[in-house]
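I have placed the structure first, in the form of structure tokens, so that the comments after it can refer back to it.
Just follow the structure's listing: the first ligand is 1, and inside any ligand the first atom is 1.
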Amino acid sequence: MAKLTDETRASLKRRSRLVNLGRDSEQSQGFVNLPPFRGSTVLYPDVESLKRPAQRYTYGRRGTPTTEALSSAWTDISGAKGTVLVPSGLAAIAVALMTALGAGDHLLMTDSAYGPARAFANATLKRMGIETTYYDPCIGAGIEALMRPNTKAVLTESPGSQSFEIQDVPAIAEVSHARGACVLMDNTWATPLFFAPHAHGVDMAIEAGTKYLSGHADLLLGLVSANEAWFKRLHQTAGLMGIPPGPEDVFLALRGLRTMDLRLREAERQGLALARWFETRPEVLRVIHPALPDHPGHAIWKRDFTGSSGLFSIVLKPVPEAAVAAFLDGLELFGLGASWGGYESLAIPFDCTSYRTATRWAPGGPTIRFSVGLEDIEDLKADLERGFQRMASFETPASGAPQNEGPFETPASQAPQDEG
Ligand SMILES: Cc1ncc(COP(=O)(O)O)c(C=O)c1O
């Protein structure tokens, strides 16, 4: 096999890039995959080289051939200047925010943001003298009204990973850049394969590699890609925080990268098939999936995204909490747990009312989020069908009795949506 020339590499279509990027058979002694490089110390040939290091690797925390393979591939598919790797998606959010913000600054964060990102802003950033204002995810260019002279960062997440509002990221970016604010996006749902963050004006794009990049629910990883304007500062911040991911996790993530396009397309197919099936069910009030035409953000999704992944929510017609529990508890193919993007299907009840501050979450019934895996779709439907039968065996509340607006009234600090 001949070595890829720069010219061929530049001409490759995305699927070929995912298979070939970050691979160097010479470096891996002819083996297809680069082994996980473990190491702290990197040896120097002599004192002169120690004084003026010209070698590519200098210390394990500063990068290895394994981390370099993944970050360079991610940079390529994201259309970024560079990427840093950290041990979790939440660490990626924290590092990106710490890069953009300093004492006395103001942050605008979407009300639909991943719960622990809010907690980081409300606790850690607040302690550092950074104030956060939450905004309606559908605000678009209207975000200008919330900008202050010290607004230095705007965090977007599109779609929100429970409620699935689609944000007008280009409009938000235009206003933010005009005011000198950095635009961050949690792009975990779409991944760079379905939403090109930097081409849409995002300065730093966050990915919980824990989800679709891993694809197998067996690792935690975070990635932050940045454009030309922000990469240097991001690289410095992450480097000085000293939080590289473990080599095995990066190795597994690289393996996930090779099949990510295939898995994501299948997740899209399975997710849409299940979403459409839910639409036919009498128990379901509404399906919340951005790729369905009746989703309020569908037009923007169609304009900006090139696909949808396998994570979406449904709103059930009002039923008692115990009926929802009976539906979920007996599921045999859908696991009940946090996170998503693995090969296996998951279901989890959620309730945004406990933490929203800029918008009101009133879906009209209990809400459940599904991450659709690679099982046969007919088996998944049969599992859910049995769940609906269990649910039907519960008495509906007598008319006039209070109807359940959300699924469970778990205190916010313990709610399962705090993770995942
Ligand atoms: C949208 C989103 N961003 C970030 C994260 C954090 O990822 P991690 O669990 O790797 O910290 C999650 C995890 O569920 C998530 O759903």
(message) For ligand 1 and W340, I'd like to know whether there is a polar contact (N/O to N/O, distance under 3.5 Å).
(response) yes
(message) Just to be sure I read this right, does ligand 1 sit under 4.0 Å from the backbone of S88, its side chain, both, or neither, counting only heavy atoms?
(response) both
(request) Check each atom of ligand 1 against the heavy atoms of L220 and keep those under 4.0 Å away; list them by number with element. (result) 9 (O), 10 (O)
(request) Flag K211 as yes when one of its N or O atoms lies below 3.5 Å from any N or O atom of ligand 1, and as no otherwise. (result) yes
(request) Select one of side chain, backbone, both or neither to describe which atoms of D186 lie under 4.0 Å from any atom of ligand 1, heavy atoms only. (result) side chain
Which side-chain N or O atoms in residues 177-185 pair as donor and acceptor under 3.5 Å with protein atoms at least two apart or in another chain?
from	atom 1	to	atom 2	distance (Å)
H177	ND1	A173	O	3.3
H177	NE2	D203	OD1	3.4
H177	NE2	D203	OD2	2.7
R179	NE	E144	OE2	3.4

(request) Would you kindly check if the NZ (Lys) or CZ (Arg) of R356 is within the cone defined by 45 degrees around the ring axis of Y134 and under 6.0 Å from the six-membered ring centre? (result) no
(request) Compute whether any side-chain donor of one residue and acceptor of the other, for D136 and T359, lie under 3.5 angstrom apart. (result) no
(message) Heavy-atom count check: over 12 atoms from other residues, nucleotides or ligands less than 6.0 Å from R15 CZ?
(response) no
(message) Under a 4.0 angstrom heavy-atom cut-off, which atoms of ligand 1 come close to L90?
(response) 6 (C), 7 (O), 8 (P), 11 (O)
(message) With nothing but distance in play, are any N or O atoms of G89 less than 3.5 Å from an N or O of ligand 1?
(response) yes
(request) Can you sort out which atoms of ligand 1 are near A208, meaning under 4.0 Å from one of its heavy atoms? (result) 4 (C), 5 (C), 7 (O)
(request) Determine, using ring centers only, whether H200 and F195 are less than 6.0 Å apart. (result) yes
(message) Please check this pair: side chain of H298 against backbone of P290, looking for a donor-acceptor N/O pair closer than 3.5 Å.
(response) yes
(message) Are there over 12 heavy-atom neighbours, none belonging to Q55, within less than 6.0 Å of that residue's CD?
(response) yes
(request) Check if W189 has a non-hydrogen atom at a distance under 4.0 Å from any atom of ligand 1. (result) no
(message) Checking E385 now: which residues fulfil salt bridge (charged side-chain N to carboxylate O under 4.0 Å, His left out) with it, not counting sequence neighbours?
(response) R281
(message) Using a 4.0 Å cut-off to any heavy atom of T210, which atoms of ligand 1 qualify?
(response) 8 (P), 10 (O)
(request) Check ligand 1 against S161 and write out every atom of the ligand that is under 4.0 Å from a heavy-atom position of the residue. (result) 1 (C), 16 (O)
